[in-house]
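Notes to accompany the following structure.
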Amino acid sequence: MAKIVCVLYDDPVTGDPKTYARDSLPRLERYPDGQTLPTPRAIDFQPGTLLGSVSGELGLRKYLESNGHKLVVTSSKDGADSVLDRELHDAEIVISQPFWPAYMTAERIARAPRLKMIVTAGIGSDHTDLQAAMERGVTVAEVTYCNSNSVAEHVVMMTLSLVRNYIPSYNRVVKGGWNIADCVQRSYDLEGMQVGSVAAGRIGLRVLRLLKPFDVKLHYLDRHRLPEAIEKELHLTHHSSLESLTKVCDVVSLNCPLHPETEHMINAQSLKNFKRGAYLINTARGKLCDRDAVAAALESGQLAGYAGDVWFPQPAPKDHPWRSMPHHGMTPHISGTSLSAQARYAAGTREILECYFENRPIRDEYLIVQGGKLAGVGAHSYSAGNATKGSEEAARFRK
Ligand code: NAD
């Protein structure tokens, strides 16, 4: 029997919904590169319902309990008195989602002697100290591709919202106003702008493809260059440095994972190389950016807008400056946890658990760390080391 601790975000304040806005989800067979969607033997949930919050339990309870395992589900994850901390001592598997991350620091891993696997129900495993996982021989797996397209859609929405000044204009209507000049004094067309993606992996490439029909000029930076045919098809300009990309772009979208090489890549110094009035969209990870440097760049006008859904730590303390800085379009971390995405990553988590318990290999593309080293997508997209430093500040969030 294994104990699985699953950290999920809180249920809606009004309780689990009795009905949903829509009755079904579109049926998808494959992701754009041909990878199949998750293939668990079965699922015990209704796709299109809330699975990522505590009551949804990622649809795992029946499967795990019927196989003799113990499932603990909690949203209490930060601070020494958290349920996560109390349950770690005999946990074999810890599951959490990046939206409400269980920060699996070296200290926590050390206090979990039976821990064998950490699963990210979603994409992005920077909330686990990957160095510590490698050193302890703990497997880290995530559900690659499950919400990449969800996030790319969000990037398009945020880009248009900032450039066209949507959020302030919407708020003016809600408040009963009609002053058009106030709305449009910061409103532009995206058409003709130079748009750059930092990374052209699953999300970055999708963003570039989705934005292409707006007749923008596209740029990218990635440590793995795209095939020439894709560069030609999208008329992409490849850059080999952040400075070269930000010097020419009006919109910059961050789409790389957080790891020691990318931590704080956007800082006071690198922001000086942006065009004045650029828009920065970050749905990748909060810690790619220096928090105070972003707020200062919005105050000074160096950036015309900043939007995204990722913060550090999460949940962000009430006094986090990104809640109150000018010209931002921030939301809580939601882009990868639409009801559509939840169905995919709940199924993918179940697939990973089935493989683990049946001693079958976990798909290579789901692996971040295995056998003491970066593996699968981890070897392609991450660098060794730790990016969880400072996560204890999440305990300062108060509901
Ligand atoms: P991916 O592995 O397909 O792509 C990552 C890309 O980043 C790769 O092409 C890799 O070469 C590139 N990269 C890595 N380090 C780099 C560096 N130093 N410089 C330039 N490029 C670098 O992953 P993906 O599906 O596109 O997801 C990317 C990230 O987006 C995730 O790791 C996660 O942090 C974030 N994400 C956020 C959400 C959300 O809800 N906001 C959801 C999913 C993923």
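Whatever order the structure lists them in is the order used to number ligands and atoms, beginning at 1. For the numbers below, each heavy atom of this structure counts, side chains included, while hydrogens, waters and symmetry mates do not.
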Evaluation steps, side chain to side chain contact (heavy atoms under 4.5 Å, CB included), between Trp311 and Met330:
CA-CA 9 Å; Trp311 309 65; Met330 294 299 294; 3.5 Å; yes
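Distances from ligand 1 to the non-hydrogen atoms of Tyr145 include no value under 4.0 Å.
The existence of a salt bridge linking Glu358 and Arg41 is confirmed by a sub-4.0 Å separation between a basic side-chain nitrogen and an acidic carboxylate oxygen. Under the 4.0 Å criterion applied to side-chain N and carboxylate O atoms, Arg223 and Glu261 are assigned as salt-bridge partners.
Figure legend: cation-pi geometry between Arg350 and Tyr63, with NZ or CZ positioned under 6.0 Å from the six-membered ring centre and within 45° of its axis.
Contacts between Asp222 and ligand 1 below 4.0 angstrom, taking non-hydrogen atoms only, involve backbone and side chain alike. Heavy atoms of Asn147 found under 4.0 angstrom from ligand 1 belong exclusively to the side chain.
Heavy-atom proximity to Val310, at under 4.0 Å, picks out these atoms of ligand 1: 41 (N).
When Leu242, Ile203, Thr144 are checked for heavy-atom proximity to atom 30 (O) of ligand 1, Ile203 turns out nearest.
Residue-to-ligand polar distances place Ser381 within reach of ligand 1: an N/O pair is separated by less than 3.5 Å. For ligand 1, the polar-atom distance check against Asn255 finds no nitrogen or oxygen pair separated by under 3.5 Å. Ligand 1 has no N or O atom lying under 3.5 Å from any N or O atom of Cys256, backbone or side chain.
Under the salt bridge (Lys or Arg N to Asp or Glu O under 4.0 Å) criterion, the residue pairs touching residues 82-109 are Lys3-Glu87, Lys3-Asp90, Asp85-Arg108, Asp85-Arg111, Glu107-Arg111, with sequence neighbours excluded.
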